[in-house]
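Right, one structure below, let's go through it.
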Amino acid sequence: MARKSSVKRALEATGSFVSAQKNIVVQFQNRDRNTDELLKQIKEDALSKGVSEADFAKVDVYIKPEENKVFYVINDEVNGCIDF
């Protein structure tokens, strides 16, 4: 039976979905936004609302391009939104 660390190293060496580089883009009415950019803006917005860097444990994101908004919830407590 293989050890977990051996399996993990094998997956990293051969590739897996978890370790694969990802690029997610949301497109709507001739606009497109990269999710990494959206997450960066969400982080900046949350930091401006008093959330400290160490407090980020969970981030839920809801993209509503028809409303031109991206809503987020940090740690099931802090709500906010940014423009899409």
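Along the sequence shown, the residues carry numbers beginning at 1. Remember, predicted model here, so these are calculated numbers, not experimental data.
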Would you mind reporting whether Phe56 and Ile74 have side-chain heavy atoms less than 4.5 Å apart? yes

Closest heavy-atom contact between [X] and [Y]?
X     : Y     : value
Tyr72 : Ala46 : OH-N, 3.6 Å
Asp76 : Lys58 : OD1-NZ, 3.3 Å
Asn34 : Asp36 : OD1-N, 2.6 Å
Asp55 : Asn75 : O-ND2, 2.5 Å
Ile82 : Leu38 : CD1-O, 3.7 Å

In terms of side-chain geometry, is the basic nitrogen of Asp45 or Lys49 positioned less than 4.0 Å from the acidic oxygen of its partner? yes

Looking at residues at least two apart in the chain, or sitting in another chain, which of them share a side-chain hydrogen bond (donor to acceptor under 3.5 Å, both in side chains) with Glu53?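 Counting only residues at least two positions away or on another chain, Glu53 forms a side-chain hydrogen bond (donor to acceptor under 3.5 Å, both in side chains) with Lys43.
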
How many angstroms lie between atom SG of Cys81 and atom CD1 of Ile63, to the nearest 0.5 angstrom?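 Between atom SG of Cys81 and atom CD1 of Ile63 there are 13.0 Å.
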
Between atom CD of Glu67 and atom CZ of Phe28, what is the distance when rounded to the nearest 0.5 Å?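 Result: 10.0 Å between the selected atoms.
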
For Arg31 and Asn68, run side chain to side chain contact (heavy atoms under 4.5 Å, CB included): C-alpha distance rounded to whole Å, both residues' side-chain angles, the deciding distance at 0.1 Å, then the answer. CA-CA 10 Å; Arg31 293 181 294 172; Asn68 195 38; 2.6 Å; yes

According to a 4.5 Å side-chain heavy-atom criterion applied to Ile, Leu, Val, Met, Phe, Trp and Tyr, with indirect links allowed, do Leu39 and Phe71 form part of one hydrophobic cluster?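 Leu39 and Phe71: separate clusters.
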
Following the transitive rule for hydrophobic clusters with a side-chain heavy-atom cut-off under 4.5 Å over Ile, Leu, Val, Met, Phe, Trp and Tyr, establish whether Val73 and Leu47 coincide in one cluster.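 No.
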
